[in-house]
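Data first, discussion second: the structure below is written as structure tokens.
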Amino acid sequence: MAPHNPPTPDDTPALVDFSVDLTAQEGQRQAQVLAALGSDWDPIEVMRGEEAAYDLLYSGLDEEQQRLYDGLVAAGVLPPRGDGRAAA
């Protein structure tokens with residue numbers, strides 16, 4: 001085995017081209033995700049369900065809770081909903 005000689009400024013090693021194409025792997029990953037979700041998965045219905053859950057979560061707030069909610073919306077922590085007030 002030849003001894004290791006570190007490169008000198010006059011004897012710099014050539015760069016080696018290194019690239020990886022993940023296109024096939026990404027396609028396989030997407031296919032597996034869609035298969036796991038199943039054929040009855042409806043993204044629009046999922047979004048409607050999430051909106052309904054948020055409406056329920058922020059409904060019936062008392063005065064103090066509404067004040068805190070409004071403060072969080074004003075600070076940008078929560079997105080504004082509807083007219084800017086929690087659902088009644």
Please step through side-chain hydrogen bond (donor to acceptor under 3.5 Å, both in side chains) for the pair Gln66 and Asp70, ending with a clear verdict. CA-CA 6 Å; Gln66 185 67 52; Asp70 292 340; 2.9 Å; yes

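- Screening residues 30-39 for salt bridge (charged side-chain N to carboxylate O under 4.0 Å, His left out), with sequence neighbours left out, gives no hits.
- Scanning for side chain to side chain donor-acceptor pair (under 3.5 Å) contacts around Glu51 gives Arg81, with sequence neighbours left out.
- Counting non-hydrogen atoms of neighbouring residues, nucleotides and ligands closer than 6.0 angstrom, the CD atom of Gln25 reaches no more than 12 such neighbours.
- Not counting sequence neighbours, the partners of Thr23 by the side chain to side chain donor-acceptor pair (under 3.5 Å) test are Asp21.
- Residues satisfying the salt bridge (Lys or Arg N to Asp or Glu O under 4.0 Å) test with Glu26, not counting sequence neighbours, are Arg29.
- The structure places CD of Gln28 at 11.5 Å from CD of Gln30, a figure rounded to the nearest 0.5 Å.
- Using a 4.5 Å cut-off on side-chain heavy atoms (C-beta onward), Arg67 and Glu63 make no contact.
- Taking hydrophobic clusters as Ile, Leu, Val, Met, Phe, Trp and Tyr residues chained together by side-chain heavy-atom distances below 4.5 Å, Leu57 does not share a cluster with Leu68.
- Partners of Glu45 according to the salt bridge (Lys or Arg N to Asp or Glu O under 4.0 Å) rule, which considers only residues two or more places apart in sequence or in another chain, are Arg48.
- Summarising the hydrophobic clusters (Ile, Leu, Val, Met, Phe, Trp, Tyr; side-chain heavy atoms under 4.5 Å, direct or chained), the residues clustered with Val46 are Val33, Leu34, Leu37, Trp41.
- Pairs passing the salt bridge (charged side-chain N to carboxylate O under 4.0 Å, His left out) check and including a residue from residues 32-42, sequence neighbours excluded, do not occur.
- Between Tyr54 atom OH and Leu78 atom CG the span is 8.5 Å, to the nearest 0.5 Å.
- Under a 4.5 Å side-chain heavy-atom criterion applied to ILVMFWY residues, the cluster that includes Phe18 comprises Val20, Leu22 as well.
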